[in-house]
Amino acid sequence: MHSIRKEAFFVCWSLTLLSTGSLHAAEGARVTRDLQVLYTFAAGKGDLIRDRSNVGQPLNLKIKNKSSVKWQNGTLSVQGSARIQSLEPATKIIKSLKRTNACTLEAWLKPANDRQTGPARILSLSDNPSRRNFTLGQDGRRYDVRLRTTSTSGNGIPSLTSPDRMAQTRLTHVVYTRDAGGRAQLYVDGKRQAEKRIKGSFSRWDQTFKLSLANEGTGDRPWQGELHLMAVYSRALTQAEVNENYRAGSTGKLSEQQLHELAQAKQRRLFETRVAPLLAQNCLECHDAASRKGGLDLSHKATALAGGESGKVIVPGAAEKSLLWDQIVSGDMPPGNTTLKPAEKALLKEWLNGGAVWSVSMIDPAIYNGNSSAQEIWVQRLTIPEYIETVKSTVGVDMSKEAYELLPPDLRADGFSNTAYNLNVDLKHVQAYARLAELIVQRMDVMKFARRFSKSKSLNTDATMRKFIGAMGQWLFRGPLDEREITNFSGIATTVASAGGTYEEGVSLIVEAMLQSPRFIYRIEAQRGDGTALSAGSYELASRLSYIIWGGPPDEELLKAAQAGKLSDREVCRKQVERMLKDPRAVAQSMRFVSDWLNLDRLANMRPNEARFPEWDPQLGLDMREETLAFFQEIAWKENRRLSDLFNAQVTYATPRLARHYGLKPQGKGLQRYDLSGVPARGGLLTQGSILTIGGDDASMVTRGLFVLKDVLRGVIGAPPPGVDTTPVPSRPGVSQRMIAEQRMANEACAGCHTRFEPLAFGLEQFDGIGAFHDIDEYKNRLRSDGEILVPGAAKSVKYSTPAELMDLLADSERVRETITWKLTQFSLGRPLGPADASTVQQIYEASRKGGGTYSSLITAIVMSDLVQKVRTEAK
């Protein structure tokens with residue numbers, strides 16, 4: 001096999017380098033979700049038919065021979081051999097439909113007669129009479145739809161045809177739907193008239209085809225009659241949605257409420273993505289809820305519109321009458337040398353004149369505190385835990401030990417180690433994946449694995465081998481292979497066969513190549529588009545669900561649902577989520593989240609000062625890590641409590657060693673559950689050693705306070721000024737850490753920042769650098785536990801007297817619950833969140849709160865949200 005491996009190596013190496021729901025606002029409202037193009041004919045004149053979908057780059061159509069058409073009464077009457085075609089290839093339609101492998105073609109029309117054949121082209125994405133991606137046509141008294149897939153001809157044959165007498169000379173609503181599972185249906189006037197299974201994918205679609213109305217682009221398949229409305233969707237509408245569009249009628253006009261909602265949505269996007277960041281970065285330092293300079297708080301809608309000591313500063317619809325605008329024009333705001341740029345001034349003026357729509361209750365600086373480019377993910381490498389779980393789930397081999405030994409560690413960025421932009425691949429990764437693939441195949445029962453996908457044992461039957469590679473590749477790659485990929489992997493079989501190798505040797509090398517392919521190592525999605533958010537494809541959605549909920553690949557049931565196109569049905573998707581949350585892998589994934597959020601892995605490398613903490617040993621740090629994980633599992637899963645209870649639950653888990661460290665009486669060997677209702681100083685995450693050790697040997701108020709501010713309250717604080725000495729100041733006789741903090745807070749140069757976070761740690765002063773509780777420190781300084789907490793966005797701080805009171809304040813804080821939502825959403829997506837995500841994250845929070853604020857309710861809200869159900873495309 002060594003010689004065969006050498007001959008096939010070049011093949012392996014080359015492969016290795018390789019919203020949710022329709023609007024139901026009013027009777028007569030049309031379905032808008034996943035609409036790609038919409039043509040109505042109310043313009044009444046000209047040679048241009050405009051795309052009215054408001055989706056991405058408009059795909060307008062040109063009438064090339066105006067003499068063949070006549071505009072009349074809001075319709076386009078085609079009276080001759082018309083030539084109506086898009087000016088450019090229909091890229092928007094092609095890319096969006098190829099992504100979903102599903103479509104809906106809709107037409108309101110009135111045929112001129114029932115003798116048109118060919119079929120006569122009504123709506124066609126094609127090149128000539130024999131090459132097409134799709135065509136809706138009339139063939140005598142029938143409607144006929146041809147769709148090209150990997151299982152039909154280049155002409156879209158076999159087609160789906162309506163019963164006889166459906167095409168009559170009257171106004172008719174015709175809708176064709178085809179879901180990702182291949183179920184094609186044809187509706188006439190809201191009733192299903194034909195159905196067929198059209199298997200295959202749209203991967204063979206030609207990217208150069210243009211969209212045509214009433215003819216082929218070549219001019220030799222004319223259709224005559226009246227066109228009232230044409231539309232294309234990137235999914236299969238349900239029967240209820242088809243009926244909804246039928247009831248809406250043939251004019252294509254949006255209801256008044258839909259028009260109002262579209263206008264409001266545009267204004268909301270303007271505020272949330274452009275105006276709010278501008279105010280956050282330039283105004284809130286002086287005009288937030290806490291500072292209120294001049295009595296003006298611009299961080300909240302109510303206070304901003306109310307104004308300050310000088311009266312109202314915002315007059316909706318009138319920039320010139322707004323004091324805010326006057327101050328900006330005069331240069332008085334922002335103060336100093338931070339004058340707004342002309343484009344920024346123009347933006348604010350546009351917003352004020354447009355009604356000053358303020359769509360959030362509070363402008364949260366945390367939303368705008370990041371690199372927006374880091375919020376775009378085009379490919380996402382599997383983390384080490386994801387790689388291990390993926391190998392285990394797909395081929396049944398546990399490579400945990402070897403993966404951690406061979407692969408470079410995943411480094412933290414933006415608070416998590418699964419942040420996509422930081423998951424790079426270098427030569428060490430390539431070499432490690434190659435070695436791991438070889439080891440995996442050696443440990444597999446390759447023949448048993450192969451029998452899951454084919455009963456053949458021959459390397460020489462090309463069609464059989466291609467089918468085998470397609471089936472096996474779909475399982476390993478979490479989605480279908482295209483023809484090029486199948487050909488490439490089939491080349492390995494050909495190489496082995498020509499060298500006299502066996503079937504087992506050939507399959508082994510194919511599997512080895514697949515296990516080090518980018519399709520296996522990366523989660524790759526088709527995100528090319530026009531910058532709009534499109535519904536995730538079935539296989540994309542299946543992988544998103546599985547890696548978010550399980551940290552691993554889809555199982556057979558989830559892949560079957562994807563293959564059948566069922567995941568686009570929200571109820572089917574929700575039931576899959578419910579099923580998946582009952583799997584032990586969901587618990588394991590939640591533990592990865594809490595470990596990453598709280599950076600528990602650092603405990604394995606802690607080395608406190610031996611002279612100050614002689615009782616410390618490395619095992620104690622590992623015990624602290626296990627305590628927090630077991631505690632999280634208790635609250636989130638066993639008791640199914642709201643996640644904010646993590647901050648004050650009166651229970652923990654400890655080994656005998658850790659129990660003694662905490663002053664508890666050991667109850668038995670290993671991790672044991674301890675009731676802390678009689679231990680007032682303990683209870684909740686912040687009183688556990690895994691968190692308290694963040695403060696270092698000196699139990700720094702700075703480090704602990706910053707942790708609470710940033711990771712618990714999602715607050716924002718600037719970096720220390722250049723040249724400031726940030727070396728921790730140690731305690732000494734007569735000067736405790738709290739006193740040192742109070743000295744910093746009394747210093748005018750430091751107070752602005754330190755008063756915002758150091759008091760958050762005052763309630764933890766009695767816990768030393770390794771989490772033991774004391775009334776006095778090693779220098780005989782008396783320690784206190786009273787303090788105050790200022791929640792970001794609040795006007796006043798709230799005082800507390802004991803650690804228990806602090807924990808209760810945090811557990812009951814809406815800000816803390818929102819932070820947990822943001823943290824778990826960020827971990828789930830593998831990227832930082834930003835302004836474009838804010839409104840959806842708020843919807844996730846509200847949905848989770850209605851579900852009790854539990855882990856299951858929150859993860860369900862995340863995966864059912866547009867952040868997972870839709871793909872934000874890259875404009876090209």
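Within the model, atoms CE of Met591 and CD of Gln633 stand 4.0 Å from one another, a figure rounded to the nearest 0.5 Å. Rounding to the nearest 0.5 Å places CD of Glu386 at 9.5 Å from CZ of Arg381. For the atom pair Ile844 CD1 and Glu818 CD, the distance stands at 12.5 Å (nearest 0.5 Å). Considering CD1 of Ile691 and CZ of Phe647, their distance stands at 8.5 Å, rounded to 0.5 Å. Remark: Gln843 CD to Met864 CE distance equals 13.0 Å, nearest 0.5 Å. Rounding to the nearest 0.5 Å places CG of Asp808 at 12.0 Å from OG of Ser813.
Two rings, from Trp637 and Tyr855, have their centers less than 6.0 Å apart. The aromatic ring centroids of Phe271 and Trp358 lie less than 6.0 Å from each other.
Considering only heavy atoms from C-beta on, Val587 stays 4.5 Å or farther from Trp550 through its side chain. In this structure the side chain of Ser543 reaches within 4.5 angstrom of the side chain of Pro554, judged on heavy atoms. Annotation: side chain of Leu867 is in contact with side chain of Arg831 (closest heavy-atom distance under 4.5 Å). The closest side-chain heavy-atom distance from Ser546 to Leu558 is below 4.5 Å. In this structure the side chain of Gln380 never reaches within 4.5 angstrom of the side chain of Tyr421, judged on heavy atoms. In this structure, Leu581 and Ile859 have side chains that are in contact, with non-hydrogen atoms separated by less than 4.5 Å. You'll find the side chain of Ser535 reaches within 4.5 Å of the side chain of Lys870, heavy atoms only. Using a 4.5 Å cut-off on side-chain heavy atoms (C-beta onward), Arg570 and Gln869 make contact.
A donor-acceptor pair is defined here as one N or O able to donate and one able to accept, closer than 3.5 Å; such a pair exists between the side chain of Gln589 and the backbone of Tyr547. The backbone N or O of Arg33 lies less than 3.5 Å from no partner atom in the side chain of Tyr233, so there is not a single donor-acceptor pair. At distances below 3.5 Å, at least one donor-acceptor pair connects side-chain atoms of Asn282 with backbone N or O atoms of Leu278. Listed for the Tyr845 side chain is no donor-acceptor partner under 3.5 Å among the backbone atoms of Ile820. Judged by distance alone, the side chain of Ser299 and the main-chain N or O of Met362 form no donor-acceptor pair under 3.5 Å. With hydrogens and angles ignored, the 3.5 Å screen pairs a side-chain donor or acceptor of Ser644 with a backbone N or O of Ala811. Under the 3.5 Å distance criterion, the side-chain polar atoms of Thr419 are left unmatched by any main-chain donor or acceptor of Gly415. Remark: the backbone N or O of Leu59 is paired with a side-chain donor or acceptor of Asp51 at under 3.5 angstrom. The backbone N or O of Ala861 lies less than 3.5 Å from no partner atom in the side chain of Ser848, so there is not a single donor-acceptor pair. At least one donor-acceptor pair under 3.5 Å links the side chain of Ser53 to the backbone N or O of Val55.
When only modelled atom types and interatomic distance are considered, Ser96 and Ser234 share no side-chain donor-acceptor pair under 3.5 Å. Using modelled atom types, one finds a donor on one side chain and an acceptor on the other under 3.5 Å when comparing Thr854 with Ser857. Side-chain atoms of Thr383 and Asn418 include no donor-acceptor pair closer than 3.5 Å.
In summary, Arg99 and Glu540 engage in a salt bridge, as defined by a charged side-chain N under 4.0 Å from a carboxylate O. Under a 4.0 Å N-O distance rule, the pair Asp326/Lys321 does not qualify as a salt bridge. A salt bridge does not link Asp288 to Lys293: none of the charged side-chain nitrogens sits closer than 4.0 Å to a carboxylate oxygen. A salt bridge links Glu241 to Arg235: at least one charged side-chain nitrogen sits closer than 4.0 Å to a carboxylate oxygen.
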Could you walk me through whether Tyr522 and Leu382 pass the side chain to side chain contact (heavy atoms under 4.5 Å, CB included) test, one step at a time? CA-CA 6 Å; Tyr522 286 92; Leu382 300 182; over 6 Å; no
Residues Arg274, Glu344; criterion salt bridge (charged side-chain N to carboxylate O under 4.0 Å, His left out); working and verdict: CA-CA 9 Å; Arg274 302 183 66 189; Glu344 294 172 330; over 6 Å; no
Give the intermediate values and the outcome of side chain to side chain contact (heavy atoms under 4.5 Å, CB included) for residues His287 and Leu279. CA-CA 10 Å; His287 299 292; Leu279 296 176; over 6 Å; no
Does the side chain to side chain contact (heavy atoms under 4.5 Å, CB included) test come out yes or no for Leu340 and Leu348, once each step is laid out? CA-CA 10 Å; Leu340 296 184; Leu348 283 175; 3.7 Å; yes
Begin with the C-alpha distance, continue with both residues' side-chain angles, and end with the deciding distance and a verdict on side chain to side chain contact (heavy atoms under 4.5 Å, CB included) for Val716 and Lys710. CA-CA 6 Å; Val716 176; Lys710 294 180 178 180; over 6 Å; no
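The two residues Leu709 and Pro792 come nearest to each other via the heavy atoms CD1-CG, 4.2 Å. Taking every heavy atom of both residues into account, Gly307 and Leu296 meet most closely at C-CD1, 3.8 Å. Scanning both residues, Leu38 and Leu35, for their nearest heavy atoms gives CB-CD2, 4.0 Å. For the residue pair Leu713 and Leu810, the shortest heavy atom distance occurs at CD2-CD2, 4.2 Å. Scanning both residues, Ser291 and Glu285, for their nearest heavy atoms gives OG-O, 3.7 Å. Heavy atoms only, all atoms of each residue included: Ile635 and Ala649 are closest at CD1-CB, 3.6 Å.
Partners of Ala346 by side chain to side chain contact (heavy atoms under 4.5 Å, CB included), not counting sequence neighbours: none found. Residues forming a side chain to side chain contact (heavy atoms under 4.5 Å, CB included) with Ala319 (at least two apart in sequence, or on another chain): Trp325, Lys349, Leu352, Asn353.
Applying the 6.0 Å contact sphere to CD of Gln267 captures more than 12 heavy atoms from other residues, nucleotides or ligands. Summarising the local packing, CZ of Arg574 is surrounded by 12 or fewer heavy atoms from other residues, nucleotides or ligands at distances under 6.0 Å.
Tested against Glu814 for a salt bridge (Lys or Arg N to Asp or Glu O under 4.0 Å), the candidates Arg642, Arg714, Arg849 yield a single pass: Arg849. Remark: of the listed residues Asp410, Asp596, Asn599, Asp596 is the sole one forming a side chain to side chain donor-acceptor pair (under 3.5 Å) with Ser417.
The aromatic rings of Phe757 and His754 are tilted relative to each other, their planes meeting at an angle between 30° and 60°.
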